[in-house]
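The block underneath contains the structure these notes are about, expressed in structure tokens.
FYI, side chains are in, hydrogens and waters are out, and symmetry mates aren't considered; it's all heavy atoms of this structure.
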Amino acid sequence: MPLIEVLYKIEATGVKLNIDFLKELSKSVTLKLENLTKEIYNMVGEEFNLNSPKQLSKILFEKLKLPIIKKIKTGASTDVEVLEELSKISPLAVILLNYRQLTKLKNTYIDTLPNIVNKTTNKVHTSFNQTGTSTGRLSSENPNLQNIPIKTEIGREIRKAFIPSKPEWKILSADYSQIDLRVLAHFSMDKNLIDAFNKDEDIHTRTAIEIFNIPKEMVDSEKRRIAKTVNFGIIYGMTPFGLAKELKISKEQAKEYIENYFLKYPGVKMYMIGAVEKAKKLGYVDTILNRRRYITNINSKNRIIRESAEREAINMPIQGSASDIIKLAMINIYNTIKKENLSSKMILQVHDELVFECNPKELDLLRKILKEIMENPTISGKPLKLRVPLKIDIKIGDNWGECK
DNA sequence: CGTCTCACG
DNA sequence: ACGTACGTGAGACGT
């Protein structure tokens with residue numbers, strides 16, 4: 001696979017980190033954590049190892065007699081879902097959530113990344129695994145640069161430490177817009193879904209219109225949020241129970257949303273039935289480039305295992321094809337950069353996003369190249385035709401965190 | 001080394 | 001009545 005050379009180059013190039021920035025960030029986070037720790041010990045009336053779920057569980061559910069929300073193998077869970085529920089009745093849970101988030105970011109990223117900078121290159125060099133996943137996605141390890149925080153304010157700060165390796169250069173991020181749902185539109189041939197992408201509509205708003213049966217003007221941010229969750233859930237084969245839990249609504253309400261969805265996007269329902277049937281008949285499902293995943297449990301007599309296999313069969317062609325598409329783009333971009341003698345370099349792949357460090361003089365050309373190649377995937381020079389257009393968004397900044 | 005937890009798409 | 005959303009990697013704890 002000609003991707004190997006591309007991956008090797010990304011790994012060898014590495015990513016430059018702003019160490020001083022991370023050190024400063026570490027100081028402020030450490031201070032916050034010290035205060036949170038004191039606050040927690042005061043509220044509880046004793047000191048214990050805050051990083052031990054077992055000890056925390058004792059405090060919360062035995063000493064403080066808070067209600068057990070969720071059980072795990074070893075007793076009562078203290079995970080984020082539980083703490084969020086407990087936040088309604090206990091200010092301690094709010095502090096704990098805060099503490100958990102900050103320790104995670106400090107221990108996994110802020111304090112760890114500077115230590116793995118290569119002494120020769122002064123950069124961090126990840127290792128991509130091309131054969132590790134069951135869908136065809138890449139994975140990244142030592143360090144994993146595909147799970148750098150972004151969802152919270154403090155998380156985004158960490159991305160600001162990812163900088164170009166040369167002064168005056170920029171970071172450019174090119175990400176596929178809704179590639180999973182576009183692939184779903186392609187496979188399902190659903191008229192409505194294809195129409196939405198052909199008109200380049202906001203897909204979550206469009207789905208809100210459909211499942212609530214209301215005009216566009218009546219879609220508020222809350223309805224759009226619900227539709228967004230439905231859109232994602234669909235790709236994973238989510239059940240009414242799962243949607244209900246995620247949205248904290250009744251199972252009946254969730255069932256209604258899903259039924260409405262399939263009523264308006266009947267092709268998607270057909271796709272799902274077809275994927276499961278294919279797995280049952282052939283033992284595998286495959287992607288747009290015919291990469292297979294064998295679904296061994298599809299005929300299991302155990303309903304739980306079988307249904308899990310059915311969701312794998314539904315999801316893999318979508319996730320796997322999106323992966324095929326970005327891999328083709330990576331190869332074509334790499335070859336074009338070489339051919340055009342550009343100095344800008346690809347430095348990361350994060351499933352639907354490619355990150356570059358760019359010579360500012362090459363920005364305009366690179367933009368054009370990326371748009372052309374990523375939105376028009378080709379294999380051996382021949383177009384890989386989809387039933388919907390692909391779309392990318394390009395963002396440029398002085399660091400990864402500023403690409404927004 | 002298994003378990004729990006949590007970061008990302 | 002059952003258990004319930006796909007795919008990853010990593011840090012801390014406790015055995």
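Dashed line: the shortest gap from a side-chain N or O of Gln101(A) to OP1 or OP2 of dT5(B) is not under 4.0 Å. At dC13(C), one or more side-chain N or O atoms of Asn51(A) fall inside 4.0 Å of OP1 or OP2 (strictly under the cut-off).
At the heavy-atom level, Gln319(A) lies under 4.0 Å from base atoms of the strands shown. Looking at heavy-atom distances under 4.0 Å, Leu138(A) makes no contact with the nucleic acid at all. Using a 4.0 Å heavy-atom distance criterion, Asn147(A) is classed as a base contact. Within the nucleic acid shown, Asn49(A) comes within 4.0 Å of sugar-phosphate atoms alone, with no base atom in reach, counting heavy atoms only.
Of the residues in residues 234-263 of chain A, those with a non-hydrogen atom less than 4.0 angstrom from any atom of DNA chain C are Tyr236(A), Met238(A), Thr239(A), Phe241(A), Gly242(A), Glu246(A).
The pairing partner recorded for dA1(C) is none, the criterion being a Watson-Crick or G-U wobble arrangement whose two distances lie under 3.5 angstrom.
Positionally, the nearest nucleotide of DNA chain C for Arg303(A) lies more toward the 5' end than for the other of Ser308(A) and Arg303(A).
In this structure, the side chain of His186(A) engages the main chain of Arg387(A) through a donor-acceptor pair within 3.5 Å.
Contact check on Glu5(A) versus Lys338(A) returns a salt bridge, with a Lys/Arg side-chain nitrogen under 4.0 Å from an Asp/Glu carboxylate oxygen. A salt bridge does not link Lys280(A) with Glu277(A): none of the charged nitrogens is closer than 4.0 Å to a carboxylate oxygen.
Annotation: dC4(B) and dG3(C) have their P atoms spaced 16 Å apart (nearest Å).
A donor and an acceptor atom never sit less than 3.5 Å apart when one is taken from the side chain of Lys54(A) and the other from the base of dC13(C).
The side chain of Ser139(A) approaches dG9(C) more closely than any other nucleotide in the set dG9(B), dG9(C), dC6(B). Taking every side-chain heavy atom of Lys73(A) into account, dT3(B) is the closest of dT3(B), dG9(C), dG7(C).
Geometrically, Lys251(A) does not engage Phe241(A) in a cation-pi contact, judged by NZ or CZ lying under 6.0 Å from the ring centre and within 45° of the ring axis.
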